[in-house]
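Reading through the structure tokens given below for one structure.
The basis for the numbers below is simple: all heavy atoms, side chains too, and nothing from hydrogens, waters or symmetry mates. The structure presented is a predicted model; accordingly, all values stated were derived computationally and were not measured.
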Amino acid sequence: MTAAPRPTSSLTPEQVDLSCSMGDLALPHPMMTASGCFAYGQKFAPFMDLRELAGLSTKGISPKPRFGNPLPRICETAAGMLNSIGLENVGAEAFLAEKLPFLADLGISVWVNFFGEDKDDYVRCVEMLNAGKGKGIGVLEMNISCPNIKKGGIEFGTVPEVANDLTRRCVEASDIPIVVKLSPNAGDVPAMAQAVADAGAKGVSLINTITGMAVDVRTRRPRLATTYGGLSGAAIKPIALRMIHQVHRAAPDLPICGMGGIASGEDALEFLMAGASCLQVGTSNFAKPIAALTIREELRRLMAELGIARVSDIIGCIEPIPAEPAWSPTIPGT
Amino acid sequence: MTAAPRPTSSLTPEQVDLSCSMGDLALPHPMMTASGCFAYGQKFAPFMDLRELAGLSTKGISPKPRFGNPLPRICETAAGMLNSIGLENVGAEAFLAEKLPFLADLGISVWVNFFGEDKDDYVRCVEMLNAGKGKGIGVLEMNISCPNIKKGGIEFGTVPEVANDLTRRCVEASDIPIVVKLSPNAGDVPAMAQAVADAGAKGVSLINTITGMAVDVRTRRPRLATTYGGLSGAAIKPIALRMIHQVHRAAPDLPICGMGGIASGEDALEFLMAGASCLQVGTSNFAKPIAALTIREELRRLMAELGIARVSDIIGCIEPIPAEPAWSPTIPGT
Amino acid sequence: MATSPSQFQSRVVDNRSLRGGYVVLTMQGPTDPAPLADTVPGQFVMLRGDWGRDLVNPRAFSVLEASADGRFSVMLKAYGRGTTALCEASEGAPITVTGPLGRGTFDTPSADGPTQLLVAGGVGLPPLHLQARRAVEAGLADRVELLYGGRDENDLVLLSDFEQWGVTMHLATEDGSVGEAGFVTVPLARRLELAASRKESVHVLSCGPTPMLKAVRTLALSREVPTSLCLEEEMACGFGVCLGCAVPVYGERSYEYCCTDGPVFDAQRVRWS
Amino acid sequence: MATSPSQFQSRVVDNRSLRGGYVVLTMQGPTDPAPLADTVPGQFVMLRGDWGRDLVNPRAFSVLEASADGRFSVMLKAYGRGTTALCEASEGAPITVTGPLGRGTFDTPSADGPTQLLVAGGVGLPPLHLQARRAVEAGLADRVELLYGGRDENDLVLLSDFEQWGVTMHLATEDGSVGEAGFVTVPLARRLELAASRKESVHVLSCGPTPMLKAVRTLALSREVPTSLCLEEEMACGFGVCLGCAVPVYGERSYEYCCTDGPVFDAQRVRWS
Ligand SMILES: Cc1cc2nc3c(=O)[nH]c(=O)nc-3n(C[C@H](O)[C@H](O)[C@H](O)COP(=O)(O)OP(=O)(O)OC[C@H]3O[C@@H](n4cnc5c(N)ncnc54)[C@H](O)[C@@H]3O)c2cc1C
Ligand SMILES: Cc1cc2nc3c(=O)[nH]c(=O)nc-3n(C[C@H](O)[C@H](O)[C@H](O)COP(=O)(O)OP(=O)(O)OC[C@H]3O[C@@H](n4cnc5c(N)ncnc54)[C@H](O)[C@@H]3O)c2cc1C
Ligand SMILES: Cc1cc2nc3c(=O)[nH]c(=O)nc-3n(C[C@H](O)[C@H](O)[C@H](O)COP(=O)(O)O)c2cc1C
Ligand SMILES: Cc1cc2nc3c(=O)[nH]c(=O)nc-3n(C[C@H](O)[C@H](O)[C@H](O)COP(=O)(O)O)c2cc1C
Ligand code: FES
Ligand code: FES
């Protein structure tokens, strides 16, 4: 067990084909960046050539601009962090006018993450963002898990019927493919995935942050002003992998954009093998602005070492561990 | 912010009163050990004086002995671990005959964690364990989250109505107080807590492990033979604290035994302030058999430093962070 | 004016322990160009060692000094896991650095400008130490004065630099072991009195623990003295993308960002009770 | 017979690099009593350094040697995070130790007993190295023989000890650089042939990577040679409480535990394909 099995036939990194596709969407490689962890892109320009990314997901956009939550908004936990930013954003209009042109020029897949205060507001947001069709918006990533939104927003992300209806209305209103970003706080995530797929979603993004909390024992107060926040980072990776695998098994044809603690090429490969078609890097961007690109190169090298020629060869490829020989109270053949 | 506020009045560790109570159950201090992480106690005897514990929860007991799952059964993740032991146990009869006497002699609070294959099996287990009344069993800790059990076991832990009925039947059959250990995989944990409280549970244990997965990219197989397993350790602490706080706010009179990644005195204090009445240490026992006792001493010292005289003073004590002054576009008084 | 940030590798070349648990950590980064060469007082860097997966984000530290040869230093004290790891970092330890970050907008002192009262506490000293250094380099040592408060003698460090520079110091300790007894607001109040009686124009530039900044703000604003505060908020990224480091302000936006709009803010605009 | 385990602090006193990336790590633990003094071959310890919260559980290592003065050593190679950290542990590094663990039930060699064929691979050498050492100490160097396989020359270490002890060695490397070309099963097969032709009674004692153990098991059982395997399973606790280290067996129970029932198991009873 100690020695990792050596690859049967290993390749050179150049021989590895990283191209993949999320449904109809063809991507040069699987590595995108995640909503809320990449702002509107520009701020990363000093660190990297943004055109190297397969794509990016913007900070969540709402019809009207939104101020954020009071502070503190973030705190670190074991191998993770909690955030309660409050879905602060410039609003759809300003986004289209001031942020989209820059993103359009990059020529990468631009996913506009969006949400509304209520169902009508979601639809309004879609209608406003339709203006971005052909102007650079490739996908509308619909965030139905907004723990920070009051008005019964929780149900959007946890009740299949509600999610189905909301998704259908947005899909009908939209000229752009919609991918629904599911909440890991739902009791039955595969049911949620099926519900939004039935409503016409082109795929799902998994997972959003998991609601968590931390306590400052000195002040006797929560560490976040909103008490609860979203947990992200390596800590949630096993939960993300489980949900992605469950959804992929239940709906093999539904493309999944996987995320949740991805920080290395090996992490990325785990997600692909569990059933994700492409990937987003979130929290890792904060410590390392070029994380998505270093992960891409680690993935390339690891695939070469393991003799994996194409990303498309290994999506959802994991096989169960073979059963042990049947037990018997006596040693067979004695 | 960098400097932690100094305590207004600090105490000597001797002045700190650690005694607490879980409903009617009085405990000398909050630190117990968690089910499945302490076997049946004996194996820890070489490392510590077991009578120093406030109590312990046994490995989950079923009416009949059970073999465990195929291997691998465990794997480590970032600040956590996955396990799929398969609820292996000696069975109620052998437990009463071979394990209980040793535990009874310790004179600490013995919680017998139990489960069944189906509702009748749960009740059967209770009926068998009733024989332990007055013979050392203090609490029956009913585990309704057995991801590893086939027969629709999932519903016990995720559907309030099902949990309510199962709990009522067990409570009616039981001569011993029942505490229900809830599953964090449920969509609405406070609803689950209310459902079991209504059915007569004396309290709840929060949280059990969260279902997760890890992938071995070299073998292209899951790292656990059962594919999915339960995530425990520091990684899940923020989720545990959130659920405990939610349940405590929703049902302030329902005693909560808190657990999920507790590894230090500060962790323990966070759980108490979030609303737990007593605590269990699980995963930490593996690296440090005496973890629960060192945590107790850390808790004592930390409380002294912070000038907290009694555990009972701070259970569920956390207050919201005060609101910021109202915003205005112009500076007030200008 | 601030140069755009980059992320680069550096190595610890010196770990100097001062009294009171304070440490000056000096690192060697790339040369020509030295990414931090043009750092202005108040700007900061995000630092991260080989911390594995447990500690997720880098930690923010004001630049104490940065030279053209790629050397730079920060001053810190062990607080939690990250600062403890950095305080124990030995020579040669690899440190990933992002910077220079923040706009850092303390006014530069001028011969005919107001006297700048640098009000420091705890690990808030570095940006004011750099501000004083730059003033001295510009031959304006007399335009800045240090007002420095701490719990006790050991809480006041790097005093010899200011002495050497000939910068006037007003010290205060809570236990009275050095300077005046009490918080730094005691000498500040008197100094503002004096300025008022003299019709001397003064500016307050302050950095330190938030409770101290709140007291300084209240005092200075009550005297209508222009005041700049260098703030500390929890940060994940340091370059304006996580939106974690919000600072509540008055103005068209309800929040600005410590890392990109600050860390120096006009005390009047800060929305504090 | 095995002394009950305890947990104690130790410090690294020597970190000796062998070829092929193998390391012998020597630690100093408490003296009188030295917790590991009576360790028998096959018993192991759980080791953990100052790893913070990321690496959760200690790691298991067979005892290579343990003396009455509280010194003990293990042999390892960097595999994942934990072994890498241990391979880099410098002198003085604190290591928390739990042990001695396991029953470790290799038969002790005797003058009129069977010849023990010690079949080793990779990091499986330590328990067999200790078995040989004890045989030599008992003046029974001729009752044990080492069969040792690796990828190449660099994968075979501590050979000089066996030479010095006068223990017969049969080496094999996959690239043929030392000894026979192929897996260790090549010399093993021939040695079993010879024993059969001589009517010599032999026992196989083996430790190494699981694929090797499976091959050794199949070969030895086909020749009806009594075989003991020292197994490695993932472990969280090492003392029988997590039930993570299950070993599938035939017998009244379907699983036994590597840490408490083993790590040495009768090859016949192991439920392997
Ligand atoms: C612009 C700026 C400049 C700073 N300059 C200095 C300096 O020169 N010297 C110095 O010693 N400290 C400075 N700090 C504070 C320093 O960043 C924190 O003390 C440090 O992040 C604490 O990390 P930790 O792991 O030790 O504490 P932990 O409590 O373990 O950290 C947990 C999390 O909280 C965050 N955090 C905790 N306290 C603070 C704080 N006061 N400010 C910001 N984030 C915090 C950490 O970044 C981390 O994400 C500065 C902070 C900011 C924002
Ligand atoms: C009884 C016993 C004796 C051992 N003796 C030695 C020895 O003398 N020298 C040596 O180099 N190695 C030995 N091993 C193997 C060693 O314990 C693992 O290589 C080590 O745990 C890997 O940890 P890691 O963090 O480097 O790898 P990681 O893959 O990062 O570890 C992740 C998790 O998997 C577990 N794990 C991974 N591989 C193994 C394995 N092969 N066996 C058990 N657990 C594993 C780790 O304990 C950890 O919990 C022994 C194992 C056992 C069970
Ligand atoms: C600071 C922060 C802000 C986030 N904002 C959003 C958001 O606006 N919309 C959204 O759908 N997800 C948001 N997320 C969730 C991430 O996109 C991602 O789903 C999650 O963090 C898990 O990935 P990670 O572990 O790689 O960060 C945010 C995450 C963080 C840490
Ligand atoms: C190896 C292992 C076995 C467990 N077995 C049980 C069990 O039999 N019954 C149960 O209710 N919980 C079981 N648990 C869950 C723990 O009791 C505890 O609820 C959980 O691990 C969270 O606490 P921790 O993070 O401190 O480990 C087990 C946990 C582990 C790690
Ligand atoms: S620290 Fe991330 S936005 Fe300021
Ligand atoms: S390692 Fe825990 S039972 Fe064997």
**Request:** Examine whether an atom of D/Arg271 lies under 4.5 Å from a heavy atom of chain A, and if so say whether it belongs to the side chain, the backbone or both; otherwise answer neither.
**Result:**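 When you check distances to chain A, atoms from both the backbone and side chain of D/Arg271 fall under 4.5 Å.
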**Item:** Toward chain A, the part of D/Gln268 with a non-hydrogen atom under 4.5 Å
**Value:**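 When you check distances to chain A, atoms from both the backbone and side chain of D/Gln268 fall under 4.5 Å.
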**Beyond-backbone contact of A/Pro332 with D/Tyr250, side-chain heavy atoms, under 4.5 angstrom** =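 With C-beta onward as the side chain, the pair touches.
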**Item:** Value rounded to 0.5 Å, distance of CD1 in A/Ile331 from CG in D/Leu221
**Value:**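 So the CD1 of A/Ile331 and the CG of D/Leu221 are separated by 9.0 Å.
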**Request:** Select one option (side chain, backbone, both, neither) describing which atoms of A/Ala235 are under 4.5 Å from chain D's heavy atoms.
**Result:**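 When you check distances to chain D, no heavy atom of A/Ala235 falls under 4.5 Å.
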**Request:** Answer with side chain, backbone, both or neither: which region of A/Thr330 has an atom nearer than 4.5 Å to a non-hydrogen atom of chain D?
**Result:**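 Contact with chain D involves the backbone of A/Thr330 alone.
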**Under 3.5 Å donor-acceptor, A/Trp327 side chain and D/Gly251 backbone** =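 Yes: the side chain of A/Trp327 pairs with the backbone of D/Gly251.
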**Item:** Over 12 foreign heavy atoms within 6.0 Å of NZ, A/Lys288
**Value:**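 Count not over threshold, so no.
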**Message:** So for atom CZ, which belongs to A/Arg249, do other residues, nucleotides or ligands contribute more than 12 heavy atoms lying within a distance under 6.0 Å?
**Reply:**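 Buried by this count: over 12 neighbours within 6.0 Å.
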**Prompt:** For A/Pro325 and D/Ser273, which heavy atoms make the closest approach, and how far apart are they?
**Reply:**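 Looking at all heavy atoms of both residues, the closest pair is CG-N, 3.5 Å.
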